[in-house]
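A, B, ... follow the sequence lines: proteins, then strands. Residue 1 opens every chain.
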2 protein chains.
Amino acid sequence: MADENISDLIERYLKEILAQNEQVKIRRSEIAGLFDVVPSQINYVINTRFTIQNGYIVESKRGGGGYIRIEKVHLLDDIDVLNSLIAAIGNKLSKRDSETIVQTLYNNELINRREVSIILAAIDKDAIDLNSSDLTDIMRANIMVSILNRLRYER
Amino acid sequence: MADENISDLIERYLKEILAQNEQVKIRRSEIAGLFDVVPSQINYVINTRFTIQNGYIVESKRGGGGYIRIEKVHLLDDIDVLNSLIAAIGNKLSKRDSETIVQTLYNNELINRREVSIILAAIDKDAIDLNSSDLTDIMRANIMVSILNRLRYER
DNA sequence: AATTCTTTGACTAATATTGACTATTATTAT
DNA sequence: ATAATAATAGTCAATATTAGTCAAAGAATT
């Protein structure tokens, strides 16, 4: 929907193939040529959009006949998904990664659309960002307001 | 009616598009150029006139092909309940009061049981309490883990 | 006069793009 | 076989391209 930059176009191109093929095998320079970008931009696209958190496994090989293969993984059961996600989080989590995780939960049908946005509201920057102290109660207020605001509308 | 300042004009411009389009996607500098203002004034207009209270959701992306997207959402009938709850919260909220609010939301059928526990997980003390710094990302991690843990079981 | 709202711009943050350099694997020459 | 070369992909840092924040100055309102 918001494909204004080339990386998004490349992402969409690959995902369209993956929508029908379970896996896609490319020659890096070919795709780079197709979209008229430097080859390393393909790595950028893969590193930012085809991570394991997003549900993709990437394999590659260099040298003659080299390739990059992207495979959409089918996560076994819900607990495994949750365990691996929790393990991957550690003790810091960027906004971007958090959104990726929520998307994965949705893709694996662990949460529905409405729950997606409740969770996003909970971890919204405006909700949890604060510079003053007296932390816990203030944070709770911020998070609660964020959630309430979310509940105002549909979708 | 007689919009005297530029911010009002920009507001009207965007709302005219939204009257027909459900969402509008802009390049900040473009709109700024169109009205001959500094780009950050677009943020001012958005922050003062396209808030969630007014029924708008705003998303943006930086970098090449960046954009700001404003979406008009359908506000629900129970807006008054939510408004008064939000007003009552202020900037601090005890655990007890937060639970009362969640109970109220449930009693008014604004959320279901599952959503109750997702929200309670989000504002759980263990999720949001921390003494170290580097706050936002750490908090987000805590909240996310708390939510994921809650998703492990039913009800 | 005081307060609130608007305008401005310097600085910051996030994301995308590029290219020089490196690493790995395959192929060819000796 | 081994070494040299070719053909790939990977890494990383510099640069480019956007949007966001914040506080100061100016304008309008009370």
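- For the side chain to side chain contact (heavy atoms under 4.5 Å, CB included) test, residues two or more places apart in sequence or in another chain that qualify with B/E11 are B/D8, B/K15, B/V45, B/R49, B/F50.
- Checking B/N54 against B/T51 by side-chain atom types alone, a donor-acceptor pair falls below 3.5 Å.
- Counting non-hydrogen atoms of neighbouring residues, nucleotides and ligands closer than 6.0 angstrom, the CG atom of A/D36 reaches no more than 12 such neighbours.
- If you check every strand for non-hydrogen atoms under 4.0 Å, A/Y44 touches a base.
- No contact: A/R69 has no heavy atom under 4.0 Å from any strand.
- Between A/K95 atom NZ and D/dG20 atom P the separation is 10 Å, expressed in whole Å.
- Considering only residues two or more places apart in sequence or on other chains, B/F35 meets the ring-ring contact (aromatic ring centres under 6.0 Å, His included) condition with B/Y13.
- Counting heavy atoms from C-beta outward, B/E115 and B/N112 have side chains that approach closer than 4.5 Å.
- Here A/G66 lies in heavy-atom contact (under 4.0 Å) with sugar-phosphate atoms only.
- Contacts between residues 33-40 of chain B and DNA chain D, defined by a heavy-atom separation under 4.0 Å, are made by B/S40.
- Partners of B/E16 according to the salt bridge (Lys or Arg N to Asp or Glu O under 4.0 Å) rule, which considers only residues two or more places apart in sequence or in another chain, do not exist here.
- Here the C1' atom of nucleotide D/dA28 and the CD1 atom of B/I6 are 14 Å apart, to the nearest Å.
- Distances shown here put every side-chain N or O of B/R62 at or beyond 4.0 Å from the OP1 or OP2 atom of D/dT17.
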- Task: Could you give me the CA-CA distance, side-chain angles and deciding distance for A/L18 and A/E71, then say whether side-chain contact (heavy atoms from CB on, under 4.5 Å) is met?
- Result: CA-CA 8 Å; A/L18 280 166; A/E71 187 183 353; over 6 Å; no
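- In this structure, A/I68 atom CD1 and D/dT11 atom C1' are separated by 13 Å, rounded to whole Å.
- Comparing A/S7 and A/G63, the nucleotide of DNA chain C nearest to each residue sits closer to the 5' end for A/S7.
- Toward the 5′ end of DNA chain D lies the nearest nucleotide of A/S29, the other residue of the pair B/E30 and A/S29 mapping further downstream.
- Separating the CZ atom of B/R27 from the P atom of D/dG20 is a distance of 13 Å, rounded to the nearest angstrom.
- Distance CD1 (B/I46) to C1' (D/dT21): 14 Å, rounded to an integer number of Å.
- In this structure, B/I26 places its CD1 atom 13 Å from P of D/dT18, rounding to the nearest Å.
- Distance, B/K61 NZ to D/dA16 C1': 16 Å, rounded to whole Å.
- For the pair B/I26 and B/L14, the minimum side-chain heavy-atom distance is below 4.5 Å.
- For the pair B/S60 and D/dG20, the criterion of a side-chain N or O lying under 4.0 Å from OP1 or OP2 is met.
- Taking atom CD of residue B/E59 and atom C1' of nucleotide D/dG20, one finds them 16 Å apart after rounding to whole Å.
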- Before giving the answer on side-chain contact (heavy atoms from CB on, under 4.5 Å), spell out for B/I52 and B/Y56 the whole-Å C-alpha distance, their side-chain angles and the decisive distance to 0.1 Å. CA-CA 5 Å; B/I52 186 58; B/Y56 297 96; over 6 Å; no
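- Identified under the side chain to side chain donor-acceptor pair (under 3.5 Å) test for residues 60-69 of chain A, with sequence neighbours left out: A/E59-A/R69.
- Taking 4.0 Å as the cutoff to heavy atoms of chain B, we find the contact window on DNA chain C bounded by C/dC5 to C/dA16.
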